[in-house]
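First comes the structure, then the notes that go with it.
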Protein chains: 4
Amino acid sequence: MAEVEPDEALFLIRQEVSDLHAELPKNDLVVWTAGNVSARVPGRDLLVIKPSGVRYEDLSPAAMVVCDLDGNLVEGDHAPSSDTAAHAYVYKHWPEINGVVHTHSTYATAWAARGEPIPCVLTMMGDEFGGEVPVGPFALIGDDSIGRGIVETLRDHRSKAVLMQNHGVFTVGASAKAAVKAAVLCEEVARTVHIARQLGEPIPIPQSDIDSLYERYQNVYGQRQG
Amino acid sequence: MAEVEPDEALFLIRQEVSDLHAELPKNDLVVWTAGNVSARVPGRDLLVIKPSGVRYEDLSPAAMVVCDLDGNLVEGDHAPSSDTAAHAYVYKHWPEINGVVHTHSTYATAWAARGEPIPCVLTMMGDEFGGEVPVGPFALIGDDSIGRGIVETLRDHRSKAVLMQNHGVFTVGASAKAAVKAAVLCEEVARTVHIARQLGEPIPIPQSDIDSLYERYQNVYGQRQG
Amino acid sequence: MAEVEPDEALFLIRQEVSDLHAELPKNDLVVWTAGNVSARVPGRDLLVIKPSGVRYEDLSPAAMVVCDLDGNLVEGDHAPSSDTAAHAYVYKHWPEINGVVHTHSTYATAWAARGEPIPCVLTMMGDEFGGEVPVGPFALIGDDSIGRGIVETLRDHRSKAVLMQNHGVFTVGASAKAAVKAAVLCEEVARTVHIARQLGEPIPIPQSDIDSLYERYQNVYGQRQG
Amino acid sequence: MAEVEPDEALFLIRQEVSDLHAELPKNDLVVWTAGNVSARVPGRDLLVIKPSGVRYEDLSPAAMVVCDLDGNLVEGDHAPSSDTAAHAYVYKHWPEINGVVHTHSTYATAWAARGEPIPCVLTMMGDEFGGEVPVGPFALIGDDSIGRGIVETLRDHRSKAVLMQNHGVFTVGASAKAAVKAAVLCEEVARTVHIARQLGEPIPIPQSDIDSLYERYQNVYGQRQG
């Protein structure tokens, strides 16, 4: 187990990951302890993640744990989240990704239970996901099958959110905050499209319009992008 | 870019618009940054609106931005909301309107995804909207098609709320507060009528009764009207 | 307009009614200003009710208004709720009732939009309502038809809650608090039975069991009854 | 009625039970006073439970009541919850159980109204419940039929949650906190599976995978187990 010198950069990542966990209950994405956020430590083969089984109101920067990219504990007083191996796999195999979020948010998980992708019938989906939110394989904790399922499914899609069959949602992003945003919007579009479909069929959006929505949003939206 | 002298009237509008944004998350109309409120600056060809991509808890009167009625930035440290052109079009082409609100509130957006107007089967709808909440066209950001769609659809209805197809809701009002109220009530009736229809058909309200409800409510309700 | 001497009893009723209004948003029974609570002033032909069009966070004991049992304003700086005539009719024609609540709570109003009573398929309904929650007539504000519809419908039922067709819920009680409790439980059973029926038919509860539930709950439940 | 000397252990149990009641409204499992938590007093034939008809915000360690395992009041200023006999029966007949929770949480109660078990189609269900959440008999307060129904139904299942027909949910656990967690997760899976089934059939999880999920979660999850 490698010795890690505490330093400012690592402290800031601990703080960011701790703070971002507050978004999960605030946005009704989790109950009890059933969700977690991680971030890559820039320039090191390390990630910071939630400790296992600790409730959101008891989290703090110091309570966060540091793991290597095989999911082994490097620093921390608690065991890492039982989902750490999946997060670690993503960082190890996808260099552009610096944040990962896992939730069992209700409506997204309902789509996952049926193994059905969320069709792109909202401009918000075109903006954020650039198409459907796809379904990944059924996989158990214990080997790399969850992490591999995430990476292999998202490789073929613009979406940074994947519905893992019978399980829940994983989102990835260029930053941990971007992954949290994707988790929030994934649940919102899962809910809205579900409700739309309860009383009929949503109107499809032509692919060329989805392309326009995605291009604009990824390039010009917000204060700091583009 | 015109120089605007800071003055008391403009400060009060900034404050009003900033305060009214708090109603959006409070009433569960938005997630993340996906909604905005604007107000016309009385006696000037200007509007005050939310900056783009800033979260609701970080808003303040000073963070609001001022634009002209073509949607160009006049004053502000941030880029204006990407929906500014639609707001500006409404103010430019509808002098009686002094407030505009845009949300993707869940149930209203679900009706919008099916392109289906909300039928007037609740006395609350008769009171506030005087009939159905209509559907406007599918339109992309980038030209005046969203603004034009709002104005042309609402011109033919008593409703001050319009469901933009596959997109979300725009509401307008004699004040920004009135537009926020319309956004809150639009989501409430969208939800209630959706739920009613899940288990059968709501009973229609005769047109003459809708007329009575609308006349009374617009003229005698509340403390300051009529 | 009769002169009312301010006194301790009246102040306490103002306080109770003001405090109980906080239960409406807290229990998600209302949006904006769309709901109200009233209480009879003991020993006088008066009631205390919410002012019209004022938001819940702006209410205070002093803001409450006092009306006679024909709904006329007796004391207060604001106009009384536009539903005051319906409340007044109930107090005038039903001496045992000391509290009335009106909401447009979502699920109950959805049943009301279909004009369909909520069947008694939950022990909570047997406890609190002793049978179905019935539907009252469609009626407009302007004469005594809402108040009369409430009294005539509830006269034939154990339920202290009535779904007014296409409109919303009125509940009555031996106290204003009891009427608020009935409003809270009415929405809860409206929601639960709605959800149960979305995927099949709830199992009926035999009438003799409903009778047992109602008898026990009305006589032995809680700290101060029976 | 036996005299109980106040002592530290009992005080801590009162505090734990009082604190855990706050989880019920926080997790949207209850309205008004309709739910309760109890804990066994270690080494004594006693339990601590909520007083009847008292609202959650008025609870405190001192307000909790102590009963024997026949449900008789031993210590307390208020009458015990009307569900005390059911809690007491569980403690008397199931020595491994130290905590019991009762709620009418909405989605779980909707399954209970149809008398339909929740099928195990989510990994979260495999983890926590090891299979379906079963249905117990319809039973009235007044004899031991509710308590017996809980124990006899759960004896044949891994699940620590049971849906009592037309009534609500009881959960049991090795601690009161574990029973509260089961109540929170029961409502979450009731909601998610309900929503999944609204638009089609969830994909079954093979029994061998359910077994793997349950074994791992019960043995290695969290900080203090295994």
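When the heavy atoms of residues 194-203 of chain D are compared with those of chain A, the residues falling under 4.5 Å are Ile195(D), Ala196(D), Gln198(D), Leu199(D), Gly200(D), Glu201(D), Pro202(D), Ile203(D), listed by number. Interface with chain A: from residues 108-127 of chain D, residues Val121(D), Leu122(D), Thr123(D), Met124(D) qualify, criterion being any non-hydrogen pair under 4.5 Å.
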Discussion item. Run the side chain to side chain contact (heavy atoms under 4.5 Å, CB included) test on Tyr217(D) and Ile141(A) for me, step by step, so that the C-alpha distance in whole Å, both residues' side-chain angles and the decisive distance to 0.1 Å come before the verdict.
Written reply: CA-CA 10 Å; Tyr217(D) 192 77; Ile141(A) 288 179; over 6 Å; no
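To the nearest 0.5 Å, atom CG of residue Leu213(D) and atom CG of residue Asn166(A) are 9.5 Å apart.
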Quick one: side chains of residues 157-165 of chain D, donor-acceptor pairs under 3.5 Å with protein atoms, not counting sequence neighbours, listed by atom name and distance.
unit_1: His157(D); atom_1: ND1; unit_2: Thr153(D); atom_2: O; d: 3.0
unit_1: His157(D); atom_1: NE2; unit_2: Glu132(D); atom_2: OE2; d: 3.3
unit_1: Arg158(D); atom_1: NH1; unit_2: Gly130(D); atom_2: O; d: 3.0
unit_1: Arg158(D); atom_1: NH1; unit_2: Asp211(D); atom_2: OD1; d: 3.0
unit_1: Arg158(D); atom_1: NH2; unit_2: Asp211(D); atom_2: OD1; d: 3.1
unit_1: Ser159(D); atom_1: OG; unit_2: Ala161(D); atom_2: N; d: 2.9
unit_1: Ser159(D); atom_1: OG; unit_2: Ala161(D); atom_2: O; d: 2.7
unit_1: Lys160(D); atom_1: NZ; unit_2: Arg158(D); atom_2: O; d: 3.4

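Among pairs with a residue in residues 53-62 of chain D, those fulfilling side chain to side chain donor-acceptor pair (under 3.5 Å) read Glu23(C)-Arg55(D), Lys26(C)-Glu57(D), at least two apart in sequence or across chains.
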